[in-house]
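The structure under discussion appears below in the form of structure tokens.
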Amino acid sequence: MNSTYLVVMAGGIGSRFWPFSRTNHPKQFHDVLGTGRSMLQVTVDRFAGLCPPENVFVVTNRDYVQLVQQHLPQMPVDQILGEPIGRNTAPCIAYASYRIAQRDPQATIIVTPADHAVSNEAEFQRVMALAVDAARHHDVLVTLGIHPSRPDTGYGYIQFMDSQSLPGSQLHKVKTFTEKPNLELAKMFVDSGDFLWNSGLFVWRADTILHAFRQYLGDMAEVFEEGAGALGTPQEEAFISEAYARCANVSIDYGIMEKADNVYVLPAEFGWSDVGTWDSLHRIGQQDANGNMVNGDVMLYDTTGCVIKTPSERLVVVQGLEDYIIAEYDNVLLICKRSEEQRVKEFVADVKAKKGTGYN
């Protein structure tokens, strides 16, 4: 356990969750699920017992470092890694991995986004312990795959090979990664039985992932290795500013996982959801008898299948709507069909162009 580390990726803006998630206060710092804890706090809580608090690192935008400190006041600022700009998940993971490897070359690293929901936390911990054990004893890159419950077009998919499993484990060799498919393809994936949702949860030894960076993202590895001596020193911030300016904007999936030949997936089922959109919140939230997910002071009449999240100090009365999103936060009200929620990013772009940056 003392050589197990957690990296929480908490730098995104979460624009698909607008207007609740905003540039100055993204969704990871909100109590999205109505639990009394922010998504960041819930994420860190979820890994208690898998690694000690001093081994937990949060990677976030430098603009959010103070927010992280407010939400995780027990965490030393040295464990909050501030990114100067967003460069996708590969530079984020490289930064944290090189920092951790410098401190503990024998480290096994868990990587998680800060915006997931898990309903069965006991099963989650059991599965994560299996993944950590496999990664610690084998030279493999482990990802967790979720048994799909429906042909969802909002998730990536992992195809695994039943015939090739890691000896003594429940892990299967990965055959292909597929980005968000269309509905017809998603149905084929689910029907085939050999595809899993890509959870974005990873486990590997520090030396294994650094070797993968050298092999598949050599330019990025070179950047971090040049300045590795600055990590953990007063020169770290200046070095990271320079490093990120030289790093490509690339995801860990595209940069490494889709190319490496030692990638294994652990199939899992622990009530997982990527809370990335309003529709996902509708699915995992508590629904009333008419299928409405409500968070706020709301009165409903002849209304079904809606997701409504509004300030508790404002009374909201809704009549005659079916399958709508009604969301209000910080002087912005969104009313949108649930089936059109993919247009939220378009709305944000239009608002920024026509109304300025005050609303995004």
Side-chain angles (χ1 to χ4, degrees), residues 8-10 12-18 21 26-28 32-33 39 42-43 46 88-90 92-93 110-120 123-124 127-128 131 141-161 171-203 250-259 263-285 293 307 323 325 338-345:
V8 181
M9 299 185 291
I13 295 171
S15 58
R16 291 180 299 167
F17 220 67
W18 185 85
S21 187
K27 66 179 176 182
Q28 58 266 31
V32 172
L33 302 173
M39 298 210 74
V42 168
T43 299
R46 188 177 300 137
N88 216 315
T89 52
C92 165
I93 289 170
I110 304 167
V111 179
T112 181
D115 59 353
H116 289 179
V118 169
S119 61
N120 189 341
E123 176 64 7
F124 175 83
V127 170
M128 289 305 306
L141 304 170
V142 179
T143 183
L144 268 67
I146 309 299
H147 289 290
S149 57
R150 60 188 178 278
D152 199 303
T153 59
Y155 295 145
Y157 286 74
I158 300 170
Q159 185 181 21
F160 64 94
M161 293 186 273
L171 281 77
H172 298 279
K173 194 170 179 62
V174 170
K175 185 175 182 180
T176 61
F177 285 87
T178 304
E179 281 301 307
K180 301 169 184 176
N182 60 37
L183 184 58
E184 186 179 352
L185 198 55
K187 286 178 179 176
M188 288 173 56
F189 287 170
V190 173
D191 291 344
S192 75
D194 59 355
F195 282 82
L196 303 163
W197 285 336
N198 185 352
S199 72
L201 284 158
F202 306 107
V203 189
V250 61
S251 72
I252 197 73
D253 281 340
Y254 181 77
I256 290 179
M257 302 300 280
E258 293 179 13
K259 299 176 172 66
V263 179
Y264 284 77
V265 63
L266 178 57
E269 202 160 4
F270 37 69
W272 173 90
S273 177
D274 170 4
V275 191
T277 64
W278 287 109
D279 199 52
S280 65
L281 181 60
H282 180 265
R283 277 198 304 271
I284 66 172
M293 201 296 295
V307 53
D323 296 334
I325 299 161
R338 274 178 51 208
S339 60
E340 296 289 321
E341 71 160 2
Q342 71 276 7
R343 296 186 63 189
V344 169
K345 278 195 169 185

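Side chains are part of it too, since the values below use all heavy atoms of this structure and drop only hydrogens, waters and symmetry mates. Predicted model, so just to flag it, every value in this text is computed and none were measured.
- Of the inter-residue distances, the one linking Gln159 atom CD with Asn198 atom CG reads 13.5 Å to the nearest 0.5 angstrom.
- For the pair Phe17 and Gln28, the minimum side-chain heavy-atom distance is 4.5 Å or more.
- Ion pairing of Asp152 with Arg283 is present here, as a side-chain N (NZ or NE/NH1/NH2) and a carboxylate O approach within less than 4.0 Å.
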Could you walk me through whether Arg150 and Val190 pass the side-chain contact (heavy atoms from CB on, under 4.5 Å) check?
CA-CA 7 Å; Arg150 60 188 178 278; Val190 173; over 6 Å; no
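- We find the OG1-OH distance between Thr143 and Tyr264 to be 14.0 Å, quoted to the nearest 0.5 Å.
- The 12-atom threshold is exceeded at CZ of Phe177, counting heavy atoms of other residues, nucleotides or ligands nearer than 6.0 Å.
- Looking at every heavy atom in both residues, Gly200 comes nearest to Pro113 through O-CD, 3.4 Å.
- Around the NZ atom of Lys187, the shell of radius 6.0 Å holds no more than 12 heavy atoms that belong to other residues, nucleotides or ligands.
- For the ring pair (Phe, Tyr, Trp, His ring centres under 6.0 Å) test with Phe189, the passing option among Tyr155, Tyr157, Phe160 is Tyr157; the others fail.
- Interatomic distance, CD of Glu269 versus CD of Glu123, reported as 8.5 Å (0.5 Å rounding).
- Expressed to the nearest 0.5 Å, how far CG of Leu185 lies from NZ of Lys180 amounts to 15.0 Å.
- The only member of Gln342, Arg16, Glu341 that meets side-chain hydrogen bond (donor to acceptor under 3.5 Å, both in side chains) when paired with Thr277 is Glu341.
- Listed here is the closest heavy atom pair of Val275 and Lys27: O-NZ, 2.9 Å.
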Begin with the C-alpha distance, continue with both residues' side-chain angles, and end with the deciding distance and a verdict on side-chain contact (heavy atoms from CB on, under 4.5 Å) for Thr176 and Phe195.
CA-CA 9 Å; Thr176 61; Phe195 282 82; 4.3 Å; yes
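- Within the model, atoms CE of Met188 and CG of Leu183 stand 12.0 Å from one another, a figure rounded to the nearest 0.5 Å.
- When all heavy atoms are compared, the tightest approach of Thr43 to Ala114 is OG1-O, 3.3 Å.
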Step by step, would you call Trp272 with His116 a side-chain contact (heavy atoms from CB on, under 4.5 Å)?
CA-CA 7 Å; Trp272 173 90; His116 289 179; 3.1 Å; yes
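- Between Met9 and Thr112, every side-chain heavy-atom pair lies at or beyond the 4.5 Å cut-off.
- Side-chain atoms of Phe270 and Leu144, non-hydrogen and from C-beta on, do get closer than 4.5 Å to each other.
- Closest of all the heavy-atom pairs between Ser273 and Ser280 is OG-CB, 4.2 Å.
- In this structure the side chain of Leu171 reaches within 4.5 angstrom of the side chain of Leu266, judged on heavy atoms.
- A donor and an acceptor atom, one from each side chain of Ser192 and Asp194, are located under 3.5 Å apart.
- In terms of heavy-atom proximity, Ala117 sits nearest to Ile284 at CB-CD1, 3.7 Å.
- Pro267 and His172 get closest at one heavy-atom pair: CG-CD2, 3.9 Å.
- Put simply, CG on Leu281 and CG on Leu33 are 6.5 Å apart, with the number rounded to the nearest 0.5 Å.
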Take Thr89 and Tyr254 through the test side-chain contact (heavy atoms from CB on, under 4.5 Å) and record every step on the way to the result.
CA-CA 10 Å; Thr89 52; Tyr254 181 77; over 6 Å; no
